[in-house]
Amino acid sequence: MSQRWRFGKFCLVGVSGLVVNLASVWLLDAVLLAWLPGWWRTGLSYLGAILVSIFTNFVLNDSWTWRDRRGSGASSWPGRLGRYYAVSALAALLQYLTSLGVTALCAWHLTGAASDGVALRYKWLAVMVGVAVGTAVNFLVNHFWTYRKSPAG
């Protein structure tokens, strides 16, 4: 399979993950965690959304993007899931820190203080910037580790 096509599939899955992530941020920030104060609500909303979107992305990438590699050296489904979460933890950390940083920058630009008091659209912008930062690391490490070819393949 062409690596450009595989990366394209990975990005399409990522778009679906972005939708899941944004919907999860809304659900957590505006509904489930609305009772929490400021940065606690924002930080936990971002973290929860990342965990949910990693799982949905794994399911789609495992069944579509790297389907051809599952029998060529990749471990069992639970093993691939574990590796995928490990790789995604690094990308998620990059996304999380970037999202918090962009939120603080937006707040600083809009209000003069690095608070979480910005509209949800700025939080969504922060999430999208964070996702962009983690994409390349996530693809490359998953391609060469989680779904690596066997030495004979």
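Being a predicted model, the structure only gives us computed values, none of them experimental.
Contact check for Tyr46 versus Leu28: no side-chain heavy atoms found under the 4.5 Å cut-off. Side-chain contact between Leu140 and Trp145: absent, with no pair of heavy atoms (C-beta onward) separated by less than 4.5 Å. In this structure, Ile54 and Tyr84 have side chains that are in contact, with non-hydrogen atoms separated by less than 4.5 Å. A heavy-atom distance below 4.5 Å is not found between the side chains of His143 and Arg148. You'll find the side chain of Thr146 stays beyond 4.5 Å of the side chain of Val141, heavy atoms only.
Checked options Phe10, Trp77, Tyr85; the residue passing with Phe58 is Trp77 (criterion: ring pair (Phe, Tyr, Trp, His ring centres under 6.0 Å)).
Under the 4.5 Å side-chain heavy-atom criterion for ILVMFWY residues, a single connected hydrophobic cluster contains both Leu100 and Trp26. In the hydrophobic cluster analysis, where Ile, Leu, Val, Met, Phe, Trp and Tyr join through side-chain heavy atoms closer than 4.5 angstrom, Trp124 is grouped together with Leu51. The hydrophobic cluster containing Leu81 does not contain Val52, counting ILVMFWY residues as joined when their side-chain heavy atoms lie under 4.5 angstrom apart, directly or transitively. Linking Ile, Leu, Val, Met, Phe, Trp and Tyr whenever their side-chain heavy atoms come within less than 4.5 Å puts Trp40 and Tyr96 in one cluster. Following chains of ILVMFWY side-chain contacts shorter than 4.5 Å, one cannot reach Ile50 starting from Val137, and the two form parts of different hydrophobic clusters.
Taking CG of Leu105 as the start and CG of Leu110 as the end, the distance is 10.5 Å to the nearest 0.5 Å. We find the CZ-CG distance between Arg41 and Leu33 to be 8.5 Å, quoted to the nearest 0.5 Å. Summarising the geometry, atom SG belonging to Cys11 is positioned 8.0 Å from atom CZ belonging to Phe139; distances are rounded to the nearest 0.5 Å. Note that the CG atom of Leu94 and the OG1 atom of Thr98 stand 6.0 Å from one another [nearest 0.5 Å]. The structure places CG of Leu125 at 5.0 Å from SG of Cys106, a figure rounded to the nearest 0.5 Å. The distance from the OG atom of Ser45 to the CG atom of Leu32 is 8.5 Å, given to the nearest 0.5 Å.
A distance-only check finds a donor-acceptor pair linking the side chain of Ser2 to the backbone of Trp5 [under 3.5 Å]. Looking at Lys123, its side chain never comes within 3.5 Å of a backbone N or O of Thr42 through a donor-acceptor pair.
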N/O donor to acceptor pairs below 3.5 angstrom from side-chain atoms of residues 13-20, sequence neighbours left out:
unit_1, atom_1, unit_2, atom_2, d
Ser16, OG, Val13, O, 2.6

Using residues 126-133 as the side-chain source, report each donor-acceptor pair under 3.5 Å to any protein atom, sequence neighbours left out, with the distance given to one decimal.
none

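The residues Asp62 and Arg67 are annotated as not salt-bridged, no charged nitrogen and carboxylate oxygen being separated by less than 4.0 angstrom.
No hydrogens or angles considered: nothing links the side chains of Tyr147 and Asn142 as a donor-acceptor pair under 3.5 Å.
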For the pair Phe55 and Leu60, evaluate side chain to side chain contact (heavy atoms under 4.5 Å, CB included) and give the outcome as yes or no after the intermediate values.
-> CA-CA 9 Å; Phe55 182 76; Leu60 293 172; over 6 Å; no
Verdict with supporting geometry, Arg69 and Arg6, side chain to side chain contact (heavy atoms under 4.5 Å, CB included) = CA-CA 11 Å; Arg69 287 211 177 167; Arg6 190 182 309 276; 4.0 Å; yes
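Scored by the side-chain hydrogen bond (donor to acceptor under 3.5 Å, both in side chains) test, Asn21 finds Ser53 as partners (sequence neighbours excluded).
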